[in-house]
**Q** 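Sharing a structure here in structure tokens format.
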Amino acid sequence: MLLYYNGSPHRLLVQFFGSEFWRIHVFLIGFVVAGVTAGLQIWKDVAMGDSLTVPHQYTMQTLGGMVTMAVVFRLNQSWNRYWEGVTQLHFMYSKWADSYSQFSGFVSVTVQKTRERPDKESRMKVQLLRDMQQKIENDFLLLSAMACDRICRGDCARMERRHQIGVSWDSRIVNREDLRKGPDLTGCKGMPMFTIAPPLYEDFESVRATQSERELHEQEVDVQGFWTAEYVVNKPPGGMKSKLLERSADRANMVVNWLNHNLAYCASLLDIPPPIQSRMYQEISNGMLGFNNVVKLADIPLSFAHVQIVLILLIVWTCFIPVFVVSFTDSIIAGPILAFLMAALMFALNGVATNLENPFGQSSASICVPEFHSRFVLVVRDATLASRNPPAAPRIRNSMRLTVRSQLDKSEDWDGETHENGSGVPEINGDKLKMYASNKMGSLESLDGGLTYQNGTIKLKDELDDEDDASIPERELNDILHDHDDGGNEELGTLDLHDNDLENDSRDSLQTVHM
């Protein structure tokens with residue numbers, strides 16, 4: 001696919017690669033028509049007289065209108081196919097990128113919360129999530145590679161490939177069912193080639209990380225070699241996976257089954273509600289919808305009957321151009337020039353439609369599908385790096401509203417008194433009191449200790465001792481909830497934390513309502 005600036009007409013006119021006008025066969029047809037026109041004009045002037053004159057232009061207008069309508073209709077349908085292919089390809093990769101991005105975010109949050117509990121089981125869970133993330137990342141890259149290979153080797157591309165390698169005359173136009181059941185003359189059923197991506201370094205400021213990313217960004221994609229393209233993956237399939245893919249009728253769908261299995265395996269490890277996790281599967285499904293729409297365009301060509309009629313009209317039109325031009329111009333200079341332009345431009349327009357009909361062919365105007373895969377690799381690796389370098393977890397600050405949950409043992413409940421410490425500050429204590437503070441993000445931190453009132457502020461003792469951020473404004477500390485335990489129903493209490501309340505007995509400020 002060529003990119004250009006349409007505000008530079010002089011540069012566009014002299015561009016030969018990718019042009020449908022500056023082609024040998026177009027100029028050959030134009031020169032032949034112009035030569036015949038010049039010959040007829042000389043013959044008319046020397047020998048024919050007025051016998052070659054057409055009395056009315058109705059025939060020319062009718063034939064010209066039919067040719068123009070047929071070519072423009074074909075061009076319009078071809079452009080619609082081309083634009084639909086680009087749209088669905090972007091849609092497919094957008095959905096798959098969203099799915100992996102969501103999974104990486106879920107893993108990042110789960111790992112961040114799990115690391116707050118420094119025990120062996122938590123460390124094992126973190127390692128398992130990282131290993132599964134690597135597998136799922138490679139599954140997404142493998143899915144992209146299989147999808148690109150299927151699109152580049154669609155039925156239309158197979159027929160184009162047959163023409164290039166020079167198969168027999170009868171094998172160049174076949175029924176679709178015969179193409180599927182017949183011999184593989186183009187080798188389209190073989191496995192695509194893979195190349196291993198450079199390792200992903202989390203210390204992205206290092207020289208090795210810079211070189212690794214440069215290798216991916218500078219990877220060359222052979223625009224004309226879609227049939228033998230190499231696809232970047234973290235780990236090529238091997239063993240049983242490779243055998244299953246070789247025998248599979250739909251390799252992309254096979255990889256999706258493995259991907260769904262791995263995501264379902266991680267579902268119980270993620271600290272994300274299942275309804276939220278379901279978005280990953282939905283985006284994968286949406287991506288597969290886009291993939292199948294792209295396959296439709298790669299397999300189903302424009303109607304053969306219409307293409308054949310357009311070609312016949314162009315040939316008839318070209319044959320009559322010299323006669324009509326000589327009849328209505330009667331000029332040895334203007335006649336051949338007009339005949340050349342009429343024939344060459346009409347065949348050039350038909351050539352544009354021919355290239356656009358198969359959006360995933362091997363012409364310069366075709367969509368470079370392997371390049372989409374290369375971009376997707378970069379997007380996936382960026383999501384992996386972001387999940388391994390998440391933003392810092394929010395700290396407990398004065399501006400945050402905290403919810404404090406208490407679990408009280410019935411046999412060792414509040415003692416009913418407030419104790420004075422050395423500085424004369426009232427203190428609330430409980431032997432079995434476990435405080436849980438949660439910030440706005442919903443993360444919990446276990447605090448064993450008491451509450452201390454000092455200078456108009458409630459402070460959490462012990463684990464957050466001597467930290468300025470541990471201070472909590474009295475108006476924002478609310479709702480002491482009693483959890484359920486084996487003893488039966490608990491009580492729901494609210495602790496009013498105003499100065500005059502804390503100066504009184506703590507039981508007066510603990511209002512209980514039986515659940």
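We're numbering straight along the sequence, starting at 1. Computed from a predicted structure; not experimentally measured. Atoms considered below: every heavy atom in the structure, side chains included; atoms not considered: hydrogens, waters and symmetry mates.
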**Q** Could you tell me whether Arg150 and Asp299 make a salt bridge, using a distance below 4.0 angstrom between a side-chain N and a carboxylate O?
**A**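 Yes, this pair counts.
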**Q** Minimum heavy-atom separation for Met159 to Leu179, with atom names?
**A**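 Here Met159 and Leu179 meet closest at SD-CD1, 4.2 Å.
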**Q** Output the distance between atom CG (Leu141) and atom CD1 (Ile136), rounded to the nearest 0.5 Å.
**A**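 Rounded to the nearest 0.5 Å, the CG-CD1 separation comes out at 12.0 Å.
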**Q** Does any non-hydrogen side-chain atom of Val33 lie less than 4.5 Å from one of Phe340?
**A**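 No - every pair of side-chain heavy atoms lies 4.5 Å or more apart.
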**Q** Where the side chain of Gln112 meets the backbone of Pro390, is there a donor-acceptor pair that is under 3.5 Å apart?
**A**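 Side chain of Gln112 to backbone of Pro390: no pair is present.
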**Q** Please confirm whether Tyr93 and His373 have ring centers closer than 6.0 angstrom.
**A**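 No - the distance between ring centres of Tyr93 and His373 does not fall below the 6.0 Å cut-off.
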**Q** Checking Asn138 side chain against Asn234 main chain: does a donor-acceptor pair fall under 3.5 Å?
**A**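 Yes; at least one donor-acceptor contact below 3.5 Å.
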**Q** I'd like to know if the side chain of Thr110 reaches the main chain of Asp271, judged simply by a donor and an acceptor atom lying under 3.5 Å from each other, with no hydrogens or angles considered.
**A**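 Side chain of Thr110 to backbone of Asp271: a pair is present.
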**Q** Is it the case that the side chain of Ser366 and the backbone of Ser363 share a donor-acceptor pair, with hydrogens and angles ignored and the cut-off at 3.5 Å?
**A**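 Yes, because the side chain of Ser366 sits within donor-acceptor range (under 3.5 Å) of the backbone of Ser363.
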**Q** Hey, what do you get for CG (Leu263) to CE (Met280), rounding to the nearest 0.5 Å?
**A**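 So the gap between those two atoms works out to 5.0 Å.
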**Q** Work out which heavy atom in Leu302 is nearest to a heavy atom in Ser78; give both atom names and the distance.
**A**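 Closest pair (atom of Leu302, atom of Ser78, distance): CD2-OG, 4.3 Å.
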**Q** Does any pair with a residue in residues 108-130 pass ring-ring contact (aromatic ring centres under 6.0 Å, His included), and if so which ones, sequence neighbours excluded?
**A**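 Listed by first then second residue: nothing to list.
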**Q** Please check: side-chain N/O of Ser99 versus main-chain N/O of Lys95, any donor-acceptor pairing under 3.5 Å?
**A**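 No; zero donor-acceptor contacts below 3.5 Å.
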**Q** Check the side chains of Glu137 and Thr384 for a donor-acceptor pair under 3.5 angstrom, ignoring hydrogens and angles.
**A**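 Distance-only check passes for Thr384 and Glu137.
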**Q** Provide the closest heavy-atom pair for Ala365 versus Asn355 in the form atom of the first, atom of the second, distance.
**A**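 Answer, listing the atom of Ala365 first, then Asn355: CB-CB, 4.5 Å.
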**Q** Over 60° means perpendicular and under 30° means parallel, so tell me whether His306 and Phe73 are parallel, tilted or perpendicular.
**A**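 Taking Phe73 first and then His306, their aromatic rings stand perpendicular (interplane angle over 60°).
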**Q** With a 3.5 Å cut-off and no angle check, do the side chains of Asp98 and Ser101 form a donor-acceptor pair?
**A**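 Asp98 vs Ser101: no donor-acceptor pair found between side chains.
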**Q** If only atom types and distance count, is the side chain of Thr68 paired as donor or acceptor with the main-chain N or O of Gly65 below 3.5 Å?
**A**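 No, the answer is negative, given that no donor and acceptor are paired below the 3.5 Å cut-off.
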**Q** Hey, does the side chain of Ser248 reach the backbone of Leu244 with a donor-acceptor pair shorter than 3.5 angstrom?
**A**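 Looks like no, no N/O pair under 3.5 Å.
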**Q** Tell me every residue that passes ring-ring contact (aromatic ring centres under 6.0 Å, His included) with Phe194, counting only those two or more places apart in sequence or in another chain.
**A**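 For Phe194 there are no ring-ring contact (aromatic ring centres under 6.0 Å, His included) partners, ignoring immediate neighbours.
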**Q** Around atom CD1 of Ile24, are there more than 12 heavy atoms from other residues, nucleotides or ligands closer than 6.0 Å?
**A**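 Atom CD1 in Ile24 is not packed in, count stays at 12 or less.
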**Q** Can you check side chain to side chain contact (heavy atoms under 4.5 Å, CB included) on Tyr100 and Ser104, steps first, answer last?
**A** CA-CA 6 Å; Tyr100 182 74; Ser104 297; 3.2 Å; yes
**Q** Return yes if some donor-acceptor pair links the side-chain N/O of Asn292 with the main-chain N/O of Met288 below 3.5 Å, else return no.
**A**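 Yes; judged by distance alone, with no hydrogens or angles, the pair exists.
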**Q** Would you call Ser108 and Val111 a side-chain contact if the rule is heavy atoms closer than 4.5 Å?
**A**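 The answer is no, as the side chains (C-beta and beyond) never meet within the 4.5 Å cut-off.
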**Q** Are Leu12 and Tyr5 side-chain neighbours, meaning at least one heavy-atom pair lies under 4.5 Å?
**A**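 With C-beta onward as the side chain, the pair stays apart.
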**Q** Taking the side chain from Ser122 and the backbone from Arg115, do they hold a donor-acceptor pair closer than 3.5 Å?
**A**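 Side chain of Ser122 to backbone of Arg115, a donor-acceptor pair under 3.5 Å: no, none is there.
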**Q** Are any of the side-chain heavy atoms of Phe27 and Trp22 separated by less than 4.5 Å?
**A**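 Side-chain contact under 4.5 Å: yes.
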**Q** Side chain to side chain donor-acceptor pair (under 3.5 Å) with Asp250: which residues, sequence neighbours excluded?
**A**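 Here no residue qualifies.
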**Q** More than 12 foreign heavy atoms under 6.0 Å from CD1 of Ile173: is that the case here?
**A**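 Atom CD1 in Ile173 is not packed in, count stays at 12 or less.
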**Q** Using distance alone, with no hydrogens and no angle criterion, decide if Gln133 and Arg130 have a side-chain donor and acceptor under 3.5 Å apart.
**A**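 A donor-acceptor contact under 3.5 Å links the two side chains.
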**Q** With a 4.0 Å cut-off, would you call Asp149 and Arg153 a salt bridge?
**A**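 A salt bridge links Asp149 with Arg153.
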**Q** Please assess Ile196 against Val233 for the test side chain to side chain contact (heavy atoms under 4.5 Å, CB included), listing each intermediate value before the final yes or no.
**A** CA-CA 5 Å; Ile196 300 177; Val233 294; 5.7 Å; no
**Q** Count the heavy atoms belonging to other residues, nucleotides or ligands that lie under 6.0 Å from NZ of Lys125, then report whether that count exceeds 12.
**A**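 Yes, the 6.0 Å shell around NZ holds more than 12 heavy atoms from other groups.
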**Q** Under 4.5 Å between any side-chain heavy atoms of Asn358 and Tyr82, yes or no?
**A**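 Result no, sub-4.5 Å side-chain heavy-atom pair not found.
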**Q** Under the side chain to side chain contact (heavy atoms under 4.5 Å, CB included) criterion, do Asn293 and Phe91 qualify, and how do the steps go?
**A** CA-CA 10 Å; Asn293 285 333; Phe91 178 82; over 6 Å; no
**Q** Show me the side-chain donor-acceptor pairs of residues 342-352 shorter than 3.5 Å, one per line, residues at least two apart or across chains.
**A**
from	atom 1	to	atom 2	distance (Å)
Asn350	OD1	Arg74	NH1	2.7

**Q** Going by distance alone, is a donor N or O of one side chain under 3.5 Å from an acceptor N or O of the other, for Gln127 and Asp131?
**A**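 Note: Gln127 and Asp131 side chains meet the donor-acceptor criterion.
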**Q** With a 3.5 Å distance limit and no angle check, can you tell me whether Asp119 reaches the backbone of Glu121 through a side-chain donor-acceptor pair?
**A**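 Side chain of Asp119 to backbone of Glu121: a pair is present.
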**Q** Please say whether more than 12 non-hydrogen atoms of neighbouring residues, nucleotides or ligands are located less than 6.0 Å from NE2 in His25.
**A**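 Count over threshold, so yes.
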**Q** Given side chain to side chain contact (heavy atoms under 4.5 Å, CB included), test Val369 with Val294 step by step and report yes or no.
**A** CA-CA 11 Å; Val369 181; Val294 173; over 6 Å; no
**Q** Only pairs at least two apart or in different chains count here, so list each salt bridge (charged side-chain N to carboxylate O under 4.0 Å, His left out) that has a residue in residues 10-21.
**A**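 Output for this query lists Glu20-Arg23.
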**Q** With a 3.5 Å cut-off and no angle check, do the side chains of Thr195 and Tyr231 form a donor-acceptor pair?
**A**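 Distance-only check fails for Thr195 and Tyr231.
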**Q** Do Val256 and Ile284 have side chains that approach each other closer than 4.5 Å (heavy atoms only, starting at C-beta)?
**A**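 Yes; the side chains approach each other to less than 4.5 Å.
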**Q** If you apply the rule salt bridge (Lys or Arg N to Asp or Glu O under 4.0 Å), what do you find for Glu283 with Arg279, and how did you get there?
**A** CA-CA 6 Å; Glu283 297 298 357; Arg279 292 297 303 166; 3.0 Å; yes
**Q** Mark yes when over 12 heavy atoms from residues, nucleotides or ligands other than Met193 sit less than 6.0 Å from its CE; otherwise mark no.
**A**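 Yes - once you tally the heavy atoms of other residues, nucleotides and ligands closer than 6.0 Å, there are more than 12.
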**Q** Hey, is Arg375 close enough to Glu371 for a salt bridge, meaning N to O under 4.0 Å?
**A**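 Result for this pair is yes, salt bridge flagged.
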**Q** Does any part of the side chain of Val107, heavy atoms only, come nearer than 4.5 Å to the side chain of Ser387, both counted from C-beta?
**A**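 They are not in contact (no side-chain heavy atoms under 4.5 Å apart), so the answer is no.
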**Q** Hey, does Leu245 have a side-chain heavy atom less than 4.5 Å from the side chain of Val255?
**A**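 In short, these two side chains touch, coming nearer than 4.5 Å.
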**Q** Can you confirm whether more than 12 heavy atoms, excluding those of Lys120, are under 6.0 Å from its NZ atom?
**A**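 No.
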**Q** Kindly check if the number of other-residue, nucleotide or ligand heavy atoms within 6.0 Å of CE (Met191) is above 12?
**A**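 Enclosed.
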**Q** With Tyr281, which residues qualify under ring-ring contact (aromatic ring centres under 6.0 Å, His included), at least two apart?
**A**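 Here no residue qualifies.
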**Q** Minimum heavy-atom separation for Leu297 to Gly85, with atom names?
**A**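 So the minimum-distance heavy-atom pair works out to CD1-N, 3.3 Å.
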